[in-house]
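Structure first, commentary second.
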There are 2 protein chains.
Amino acid sequence: MKSDFFDDNSDILTGVAYKNIHIRKKIISYFADAGNATIAELCKETNLSVPKVTTLITELIAGGLVKDFGKVGSTGGRRPNIYGLAPDSGFFLGVDVKHNHINIGLIDLQKKLIKISKDVPYNLNNTAESFSELCELIRSFIKDTAIAKDKILGLGLNLSGRINYSTGYSYSFFHFNEDPLSKLLEKELNLKTYLENDSRAMAYGEFNCGVVKEEKNVLFLNLDYGLGMGAMINNELYYGKSGFAGEIGHMPLFSNETICQCGKKGCLETEASGRALIAMFKEKLLTGSSSSLKKEAHDDIQMQDIINAANNDDVLSIELIATIGEKLGRGIALLINIFNPELVILGGALASTGEHLHLPIKSAVNKFSLSLVNSDTQLKLSKLGEEAGVMGACLLVRKRLLEYSI
Amino acid sequence: MKSDFFDDNSDILTGVAYKNIHIRKKIISYFADAGNATIAELCKETNLSVPKVTTLITELIAGGLVKDFGKVGSTGGRRPNIYGLAPDSGFFLGVDVKHNHINIGLIDLQKKLIKISKDVPYNLNNTAESFSELCELIRSFIKDTAIAKDKILGLGLNLSGRINYSTGYSYSFFHFNEDPLSKLLEKELNLKTYLENDSRAMAYGEFNCGVVKEEKNVLFLNLDYGLGMGAMINNELYYGKSGFAGEIGHMPLFSNETICQCGKKGCLETEASGRALIAMFKEKLLTGSSSSLKKEAHDDIQMQDIINAANNDDVLSIELIATIGEKLGRGIALLINIFNPELVILGGALASTGEHLHLPIKSAVNKFSLSLVNSDTQLKLSKLGEEAGVMGACLLVRKRLLEYSI
DNA sequence: CAATCTTATTAAAAAAAATTAATAAATATC
DNA sequence: GATATTTATTAATTTTTTTTAATAAGATTG
């Protein structure tokens with residue numbers, strides 16, 4: 001049963017009824033963020049009395065959204081019951097769209113990953129056919145799950161480029177007609193849909209199930225063909241006015257003649273990105289350098305090939321990645337000076353080279369940022385790796401539906 | 001009478017008593033931020049009934065912190081009474097410390113500027129004498145006001161450089177011994193004291209009484225001898241981990257050989273700051289350029305002299321300021337790409353050249369930032385000008401004392 | 001300018017929530 | 001292993017708050 005709690009009628013109500021809705025939302029959101037809890041904990045959290053919370057919880061259980069998970073250990077004394085969101089009363093779909101493949105995943109209300117399909121082949125093009133193909137892949141994933149369609153409450157979809165999540169518009173892909181892309185997807189799949197910028201979704205995944213512990217101001221760097229950033233400021237994703245924040249690829253830190261995708265020269269991306277890595281690698285091969293990675297056609301070399309080679313101790317690949325790390329370090333130093341973050345996370349495909357990238361970045365950051373500011377900031381590798389995007393997409397729909405529509 | 005409301009005992013209380021304290025805080029904070037309000041407005045804001053709010057307001061009036069300001073206009077129907085903070089029940093002192101002078105001001109609980117002394121001569125040096133002198137100036141300002149000393153509830157003090165506002169440490173000035181500077185000032189002046197970074201305080205002043213209307217994500221640039229930034233993110237000042245956020249002066253955007261104050265080369269500040277302006281001006285005079293500004297000793301030329309010359313149509317000064325604007329524009333473009341803000345404010349001494357600086361910056365920003373992102377952002381000159389710092393200092397103490405100690 | 005309509009304030013009644021007390025269940029200690 | 005202690009749950013009572021109604025004050029309109 002699609003729970004009543006996802007129909008919002010809080011505008012009509014007044015007084016006590018309104019307050020009750022408000023408290024219910026607070027309890028749900030506590031369950032959503034902090035996990036399961038006892039009545040006593042909820043009393044502290046809500047500043048309400050035990051009887052009041054007990055009645056509310058009883059109502060929520062009757063509604064099906066909350067479940068009694070039975071007794072739990074105690075520090076001495078009667079063991080309390082613990083309550084939390086009923087895991088199978090709702091599921092959330094997340095799709096991470098990359099250039100050559102997609103990752104699809106499904107989580108339940110308790111954030112548990114139920115099913116994931118990684119590296120599903122797919123070519124992202126800005127065409128109607130490519131869009132249909134994407135929808136078809138999602139439909140087929142849904143069909144393969146054992147979950148009833150009406151239990152899937154929403155879809156989160158990550159795209160690279162500029163995304164305005166609040167309007168649902170994508171400006172880089174599938175911007176065919178007047179309607180926002182999220183509306184198109186909703187019509188096509190019959191699922192409430194939220195778009196998100198890929199880097200920001202990865203950041204959110206990492207904030208929630210990754211390397212972030214207590215930190216409240218965190219930068220996540222998505223180091224892929226291009227560069228992206230998701231920032232968590234005061235425990236919230238930062239969007240800026242229209243969701244375009246985090247464009248770090250086009251910082252003009254170099255004086256070269258390479259024309260960037262954005263049309264300008266000297267962008268960080270032109271010297272420190274997956275795209276730059278490929279270019280440098282081909283260049284090196286042409287000028288006689290040797291590598292364990294050999295392909296007949298140079299045009300066929302993919303970023304992933306070089307990453308794999310580096311992870312298999314190919315000297316040329318390792319050297320080039322170190323060069324990129326050194327340059328990225330300059331950009332990261334700049335960001336540290338501006339944000340004074342507690343933590344900077346290195347994520348995205350290039351980060352899967354681990355220490356090969358991490359160490360050069362670290363020493364460049366030490367060299368280029370102000371020492372007092374820099375000593376405040378930790379630098380860590382992503383923990384979720386390839387799965388950060390899917391997890392972020394799933395968790396973001398969940399968050400939004402729980403926040404806005406209880 | 002120093003009100004009871006400034007003694008915090010909310011930890012001891014439970015249940016209803018605790019809740020009442022909480023609601024009172026909410027009402028006070030509403031008055032503090034949004035200004036005066038009627039009972040009906042407060043009911044909406046707090047989701048409480050009219051009788052409840054009426055009792056609370058009556059209590060607050062009895063306590064002396066709130067005042068009934070009488071009837072106010074209506075849209076038809078009986079005219080409601082309007083309530084707000086009693087302006088003369090508390091005052092806040094703000095000190096803006098510059099290199100060659102200080103500005104001191106005093107506001108009341110209603111944010112009204114009661115007294116201000118601008119351009120009080122003072123030489124900021126990192127010595128114990130300089131510190132004593134500063135204290136003496138503050139004491140003398142207090143003596144000159146008609147306000148009883150015990151009605152002055154706190155002091156806000158702005159310094160340039162790295163300030164950790166939560167610990168009260170200043171790392172660039174007056175860092176003599178183990179104790180944080182804020183503690184030293186408190187002992188010396190017998191006033192609760194908060195330190196703040198100068199750019200951030202100016203930003204806060206501008207956010208509250210300046211050019212900011214509805215915008216929630218705003219960057220304020222302090223363009224002075226050096227460069228600083230204060231960021232408002234989601235309606236709050238952004239500090240970063242230790243309050244060091246906003247170091248924009250050391251973005252490595254240039255490839256020159258000038259050694260910056262920070263010890264590195266190529267910093268934005270080496271080519272686009274008041275310090276750079278003076279250097280360029282002297283250089284130009286040496287190579288034969290003419291200017292209406294003539295001083296016997298070149299060493300005597302101050303930034304303010306060049307600013308004044310520009311405002312009096314001196315061609316050389318205007319040209320140099322345009323050069324600086326063009327370069328600043330590159331840095332601002334970078335910030336726009338990262339923050340996607342709604343508004344960027346140009347403040348600090350250099351901004352008092354108005355359009356001479358504004359226009360070159362604007363065109364550089366258009367040239368260097370991503371167009372979709374850039375078209376989102378307004379660029380405006382500071383409205384408060386020289387007073388931004390004092391206002392910010394006053395308003396920040398007020399905010400802190402109202403928030404944490406009601 | 002009187003009648004009607006809005007809105008605010010005050011007072012009385014009804015509902016809701018917090019206390020308090022009582023009971024139950026588990027743990028720690030002697 | 002029995003008793004005391006700690007903590008949770010449930011029930012009864014008291015307090016608080018909301019709701020409803022009544023009254024007052026001012027604005028609008030014919």
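By convention in this document, chain letters (A, B, ...) are assigned in the order of the sequence lines, proteins followed by strands, and residues within each chain are numbered from 1.
- C/dA16 atom P lies 9 Å from atom CG of A/Asn20, rounded to whole Å.
- Remark: A/Lys183 engages A/Glu186 in a salt bridge (charged side-chain N to carboxylate O under 4.0 Å, His left out) (not counting sequence neighbours).
- Looking at heavy atoms from C-beta onward, A/Leu109 lies in side-chain contact with A/Leu402 at the 4.5 angstrom threshold.
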Could I get a table of every N or O pair under 3.5 Å where one atom is in the protein and the other is in nucleotides 9-11 of chain C?
{"unit_1": "C/dT9", "atom_1": "OP1", "unit_2": "B/Asn81", "atom_2": "N", "d": "3.2"}

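- Scanning for side-chain hydrogen bond (donor to acceptor under 3.5 Å, both in side chains) contacts around B/Asn47 gives an empty result, with sequence neighbours left out.
- Atom CG of A/Leu56 and atom C1' of C/dA16 are 12 Å apart (whole Å).
- Look at CD on A/Glu59: it is 11 Å from P on C/dA16, rounded to the nearest Å.
- Remark: A/Ser242 engages B/Asp376 in a side-chain hydrogen bond (donor to acceptor under 3.5 Å, both in side chains) (not counting sequence neighbours).
- We find that NZ of B/Lys52 is positioned 12 Å from P of C/dA18, with the value rounded to whole Å.
- Spacing between atom CD1 of B/Ile57 and atom P of C/dA8 amounts to 15 Å, rounded to whole angstrom units.
- When the C1' atoms of four end pairs are superposed on the next four at each end of the helix from C/dC1-D/dG30 to C/dC30-D/dG1, using five pairs per end, the two resulting axes differ in direction by 20°, to 10°.
- Applying the salt bridge (charged side-chain N to carboxylate O under 4.0 Å, His left out) criterion to B/Arg398, with sequence neighbours excluded, gives no partner residue.
- For A/Arg24 and C/dA17, the CZ to C1' distance is 15 Å, given to the nearest whole Å.
- For A/Lys26, there are no side-chain hydrogen bond (donor to acceptor under 3.5 Å, both in side chains) partners, not counting sequence neighbours.
- Here the P atom of nucleotide D/dT19 and the CG atom of B/Asn47 are 11 Å apart, to the nearest Å.
- Under a 3.5 Å cut-off, the side chain of A/Lys67 and the backbone N or O of A/Tyr83 do not form any donor-acceptor pair.
- Distance, A/Lys19 NZ to D/dT19 C1': 12 Å, rounded to whole Å.
- Remark: A/Glu206 pairs with no residue by the salt bridge (charged side-chain N to carboxylate O under 4.0 Å, His left out) rule, at least two apart or across chains.
- Considering only residues two or more places apart in sequence or on other chains, A/Glu236 meets the salt bridge (charged side-chain N to carboxylate O under 4.0 Å, His left out) condition with A/Lys399.
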